[in-house]
**Q** 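Below is one structure. I have some questions about it.
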Amino acid sequence: MIKAVMVMNTQGKTRLAKFYEYLSVEKQQELIRGVFAVLCSRAENVSNFIDAESIFGPDSCLVYKHFATLYFVFVFDSSENELAVLDLIQVFVETLDRCFKNVCELDIVFNYSKVHTILDEMIFGGQVVETSSSEIMKAVEEISKLEAASNAITLIPKSASGWRSR
Amino acid sequence: MGSQGGFYQSKEFLDLVKSIGEARSKAEEDRIVLGEIETLKRRISEPDIPKRKMKEYIIRLVYVEMLGHDASFGYIHAVKMTHDNSLLVKRTGYLAVTLFLNEDHDLIILIVNTIQKDLTSDNYLVVCAALNAVCKLINEETIPAVLPLVVELLAHPKEAVRKKAIMALHRFYQKSPSSVSHLLSNFRKRLCDNDPGVMGATLCPLFELITIDVNSYKDLVMSFVSILKQVAERRLPKAYDYHQMPAPFIQIKLLKILALLGSGDKQASENMYAVVGDIFKKCDSSSNIGNAVLYECICCVSTIYSNPKLLEFAADAISRFLKSDSHNLKYMGIDALGRLIKISPEIAEQHQLAVIDCLEDPDDTLKRKTLELLYKMTKSTNVEVIVDRMIDYMININDNHYKTEIASRCVELAEQFAPSNQWFIQTMNKVFMHAGDLVNTKVAHNLMRLIAEGFGEDDDTDSQLRSSAVESYLHILGESKLPSVFLQVICWVLGEYGTADGKYSASYITGKLCDVAEAYSSDETVKAYAVTALTKIYAFEIAAGRKVDMLPECQSLMEEFLASHSTDLQQRAYELQAVIGLDAHAVESIMPSDANCEDIEVDKNLSFLTGYIQDSIENGAQPYIPENERSGMLKISNFRNQDHHETSAHSLRFEAYELPKQTVQSRIPLTSLASTEIVPVPEPIYVREIYQTTTVPSASSDAGSTELKLRLDGVQKKWGRQTHSPATSTSSSTSQKTDNGITQVDGSNTSNSRTLETYDSRKQQVEITPEKQKLAASLFGGSSKSEKKPATGHKISKPSSHIVERSHVRKSSLEIASEKKASIQPPPDLLDFGEPTVNSAAPSVDPFKELEGLLEPTTQVDSAENHGSTAAATKSPDIMGLYTETPAGIYNKDDSDILSGLSNPPVRNMLGGTRSMQVAQSSKGRNLKNSLEKDALVRQMGVTPSSPNPNLFKDLLG
C-alpha cells in the first residue's frame, strides 16, 4: 500500500502532500521535514531508494525521483516493488507532462486541484488503481470537460477571474 | 488555458504563491501565511459569496494547510461545498474534505448523507468523487450506511466507477473485515471484469486477502496463471503497455500473488513454472520497468516450490543486476540475493565481489541493504568479519534508529555464532561503548544473564568467560565516558565475579567500583549498581572468612549515600552497612556466592509467619483485614450518602504509587531498576516488564524498540564448535583463488561457448586487490568455493539437459495436440482482452462465462483443475511458438515516440526565470577509455589480466 505521496522543491517547499492514512497537520509537517532532510543529504549518483523506517515507522520504504527543481516522493510498504514505484513516479510525471504540456513547478502549484485529480485517478485509498498514463489522461480530460460544462450552466462569470478560466 | 488545467485562481492566489516562493526565511513565510489566514477568515464568513470565489478560498485553505498551518475554521465551508449542485464546486468540496478531515472528525456526520445521495447520482463523476470520500472518511460505524450503495456500484457501466467501488470495498475490509466478510466473493467476480483496469485493480484486494488466508484462494491459481500468460503475450490493449512492456504493473501484482499461492505448495507451483520462465525470457532488462518485473520474478521463484531451471534464470538475473552500473539495480540485486540464498546458499559466492563493492559504496541505502544481506548469511565461519563491519558502520552513522537496530543485530549474531569467549566479550564491549545508550536495556540484562548462566557447556568455559569479562571491564573502566547501561553491566559483573577467580583483591575491585560511583555521580542507577556490587564483594569476603577493610573513599561514599535524597540509594547503603556487621554464617545464607542463577521461591502466602500471627492475635492484636474489605469500610464511613459508583472513584488508593518516572534527563530511564537488583536474581520477569514500560516513552525516536531483544530461547548456545564445514574447504578455496593456473585448467576442459559466462565471473576474481580477496574469502568462507567444480559441471551439462527438456515439452505438447483431434485452431481464451478478431476461430463459448464458471467457489475442485490443466496444455504450443517468432508489429511505435519525446522535453521558463523541468532519466554510461587506462595501469603493476575485455574492470576499479 502507498502511504504517502509528496512533491517538494529543492528548497524544501511542499508542492503537494497526500497522506493515505490520516495524520495531523503537525505530524505531516514533521514527516515532510524529515523526508526533506534525508533527500538533501543524498549525493547525485546514488540509488533512488531510502530506508524510511526511522521516519515513517516499521515496514516503510521511500522512493524519490529528482526532476529539475522538484523531488517526487512516494512512501509505501513492503507490498510494493521499489523499482515499479519508481516507474509509477515516472507515470505520474509523464501524465502531468501530458496534461500541462511540459509541466513545470508552477503548473503544480497553480493547478493544485488538478494535480490531485490526476493522483486520485492513479492511486485510490492507498492502492494503485491505474497505471496507464493515457487512461488517466482520458479520465482527467473527461472530468475537466464535464466540470467546464457544469460550470457554464451554473455560473455566470462576473469577475475577471471567472473570465480567465475559459 | 482551460484545456491545460487552467489558471482558475485569481491574482490574489498568484501573489500569495509568489510571495511565499520569494520568502527568504521560514519566519517570513509564516508571516505571509498567517496574513493569508486572516484574510481568508474574514472573507469566507461574508454572506453571499459567489461559488467561484468560495471554491478559490477553499483551494487556498488547502494550500495553507499543506504548508502546515491550521485551517480548521474553514472546514465547515468545505463540507458545505460538497452539497453543491455544480460538479466543479462539489468536487472541490470533496477534495478539501478528504484532505482536511479524518474519519473520526465531528463534521463527518454532515457528509455521510451527501455521500449517500451522491453515490446514487446519474453523473458518474459525482459518484467517483463520493467514492473517493468514502475511502477516506467512512469509519467502521458508518460503513453500513454506504455499503449497499457501494456494492451496487460494482456493476456500474462505467469502468472507472467499478474500479473505485472495488477499492472502496477493499478499504472497508481493511477498516473492519467483519463488515464485508460476506461480500468477498465480489472480488473474485470482478477478476473477470472485461476491463483490464478493473481486473488490475481487483488484484490489490485479492493480494491482501491471499496474504491473510492462502488456502481459500488456491483454486484461483490457474486463473491467475492464465491471466498472467495473456498479459505477457500482449493480449491487453496497447494503452497498458509501458515502455514496451505489456502491463508491467499488472504483471508485478500477479507475480506477487502467485508467490503467495505457490509458497510451499508443489502442485500450485508447478502450474506457474512455465509462465514465470516465459516472463524471465521476455523481460527487457534494459528498461527500469523490465527489471522491476524481473525482480518480482526472482521474488516469486524464491518463494514458490523451487525449480532448478527457474533458479538458474533468477541467478542470471541477479548477476545482471549486480553487474549493472545503476545503484537502483544493485540495490535490487542485493535484495534479491538475500531472498535467493535461503534456497541456494551457494549462489552468494559467485557474487562475492559485487557484494563487497556494494558494501563499500558511498550510497548509504545500498550499504545498509548489503549489511542486511550479510546479516542473513552470517555463519560461524564469517561472523567475525561481518560483525566487525557492522560495528564499523554503526560507529560512523548518526541515525539513532538504525544504530539501535544494527547494534541489536550485532548482539544477536555475536551470541549465536561467537567463536570464542574473548571475542564475544570484546564485541559486546564495542557495541555497548558505541551504542550503549541506544541499546534496549533488555539486551544489557540478557548479557548479564549470559555471563551468569554461561553457555551450558562446562564450568570451566563458563568461569573463563566470566574472568575474561572481568578482565576486559577493568580495562575499559579507564575510558573516559561510558554509557550508563554499559556501566550497569560492568558494575554487576564486577560485583558478582570480580573476586571470583582470586586474581584481583577485594580492595582493588571495590576501589574501582568507588571510582565509578564518583565519576558518574549524576547517574543514580549506576551508583545504585555500584553500591550493590560493593555489598556483594564484601559479603563474599566475609563469607570466605576474610577480614573486611573498607577503603576510606568507600566509607566516605557510603556516608554520602546514607544521607542521599534517593531512598533507593539510601536503602542500599544501609543494607551494605548491615551486611558488614554480620558474621560469616549469616552472610552466607543471605548472600550465597554465585547463586544468581538459582530460582528464589517466593512464598506469597507468607505461611512461615502463621505462627507469629497466631501468637500476636492471642495476645490481643487486631486481625488483618484484606485490602478490599478495608476500602469498603472506608467508603461506608466516609461517603455514606453518595452513590456507589462515584465513591469508588474517589476512595483512597491502596495500591502502591506508580514507579517514579525518570527525573534526570539522562539517557537511562531506569531509576526503578535498582530496587529490584537487591535480590541477586539476574532477571526476574517482572523486572523486564517494568523496563519495557519505562523505556518506551523516553525513547521516542526508537519506534521499534519493543522488537529488539536477544533471542535466547532456542538459540544454539554453543560456540567454539563449528557446525559448518570448513577447515578443509577453506584451504582448497584459497589455493584455487590465488592460483590462476587452476581456474585456467578448469576452463580448458571444454570449448562450449555457453560456459563463457562463468569464466568471466571467475576471471574477474583473479584481478582483484588482495584486501578484497581476503575480505571475500573471510565473508564467503570456503564452504561455497568447494562447490565450484560441481557447479561448473552443471553449467556445462546445462545446454543438453535444456534441449532434452525442451524436446520433452514439445513432444508432450504434440501429444496433446494429437489428442485434441489434431485441430490447429487456437484454444478458447480464458480471458481475452484483445480485439474480437483475434479469437475469431475460437469456439462460440463466451470466454468470460467459462472463466466465471471456473472461478465459482462452488465448482468442484476436480473439474476446475481439469478445466485449467487442459487449458494450459492446449496453450503450450503457443508458448513454444513465441520463442521463435516475435510478431513484428507488436511494439507500439506511437508509444516509443511519446517516450522519447518525453525524455527530452522543451525547456520552459519558471517563475524564478532560469530553472526548467526535465523529464529525463539519468544513466551512467560506461567509460571505456577510463577502464582501458586502468587496464594498462594494472598491467604495469605486474598483474596480467587474463581477459582482453576492459569492461571487466569496470566493477572492480571504476
Side-chain angles (χ1 to χ4, degrees), chain A residues 14 17 22 25 29 43 45-51 53-54 57-58 67-70 79 81 83-84 86-87 93-94 97 99-106 109-114 116 120 124-125 127-132 134-135 139 143 146-148 150-151 154-155 161-162 164-166, chain B residues 2 4-10 17 51-52 59 63 65-68 86-88 92 95 102 125 132 135 160 163-164 167 171 197 201 204 239-240 249 252 288-289 291-292 295-296 327-328 331-332 362-363 365-366 368 399 401-402 703-704 902 905-906 908 910-911 915-919 924:
Chain A
T14 322
Y22 178 79
V25 179
Q29 289 302 308
N45 289 316
V46 293
S47 61
N48 299 70
F49 314 136
I50 298 173
D51 173 19
E53 294 197 355
S54 54
F67 290 107
T69 57
L70 289 179
S79 68
N81 167 329
L83 276 178
L86 194 59
D87 268 294
V93 177
E94 277 175 24
D97 199 57
C99 188
F100 297 112
K101 310 270 182 324
N102 301 317
V103 63
C104 72
E105 190 177 338
L106 270 196
V109 180
F110 286 118
N111 299 288
Y112 196 67
S113 55
K114 186 141 189 178
H116 270 290
D120 283 344
F124 198 80
Q127 301 290 338
V128 182
V129 280
E130 188 57 73
T131 49
S132 149
S134 52
E135 291 288 316
I143 291 170
L146 282 171
E147 274 185 355
S150 79
N151 239 7
T154 52
L155 291 174
S161 68
R164 286 181 64 150
S165 71
R166 298 307 189 74
Chain B
Q4 275 195 30
F7 286 90
Y8 281 78
Q9 283 74 26
S10 67
V17 173
K51 281 176 187 170
R52 168 168 301 285
I59 293 285
Y63 192 76
E65 192 165 287
M66 184 185 74
L67 293 174
S86 154
L87 177 65
L88 181 62
T92 311
L95 171 67
N102 66 333
L125 288 177
N132 209 351
C135 273
K163 207 155 60 181
K164 287 177 180 173
M167 286 315 186
R171 198 75 178 155
C204 297
Y240 283 85
F249 295 98
I252 288 169
N288 189 37
I289 192 70
N291 287 317
Y295 166 79
E296 212 50 63
H327 280 84
N328 289 346
Y331 174 93
M332 295 317 254
D363 184 352
T365 317
L366 192 54
R368 285 187 192 184
D399 177 349
H401 173 83
Y402 197 63
L902 254 179
R908 182 166 165 181
M910 302 279 301
L911 187 63
R915 296 224 175 87
S916 70
M917 172 120 167
Q918 276 194 328
V919 185
K924 208 169 87 185

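In what follows, chains carry the letters A, B, and so on, assigned in the order in which the sequence lines appear, proteins first and then strands, with residues in each chain numbered from 1.
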**Q** What part of Ala43(A) gets within 4.5 angstrom of chain B, counting heavy atoms only: side chain, backbone, both, or neither?
**A** neither
**Q** Compare every heavy atom of Met332(B) with every heavy atom of Asn81(A), then report the nearest pair and how far apart it is.
**A** OD1-CE, 3.6 Å
**Q** Please report the interatomic distance CG(Leu88(B)) to CZ(Arg52(B)), rounded to the nearest 0.5 Å.
**A** 7.0 Å
**Q** Less than 4.5 Å to any heavy atom of chain A: does that hold for the side chain of Ile289(B), its backbone, both, or neither?
**A** both
**Q** Can you tell me which of Gly68(B), Cys135(B), Ala201(B) forms the most heavy-atom pairs within a distance under 4.5 Å of chain A?
**A** Gly68(B)
**Q** Using side-chain heavy atoms (C-beta onward) and a distance below 4.5 Å, is Tyr240(B) in contact with Glu130(A)?
**A** yes
**Q** Picking from Ile50(A), Val128(A), Asp51(A), Thr131(A), which has the most non-hydrogen pairs under 4.5 angstrom with chain B?
**A** Thr131(A)
**Q** Specify which of Leu67(B), Thr92(B), Leu366(B) makes the most heavy-atom pairs with chain A at under 4.5 Å.
**A** Leu67(B)
**Q** Heavy-atom distance under 4.5 Å to chain B: side chain of Ser134(A), backbone, both or neither?
**A** side chain
**Q** Look at the aromatic rings of Tyr331(B) and Phe49(A) and report parallel, tilted or perpendicular, splitting at 30° and 60°.
**A** tilted
**Q** Under 4.5 Å between any side-chain heavy atoms of Val17(B) and Tyr63(B), yes or no?
**A** yes
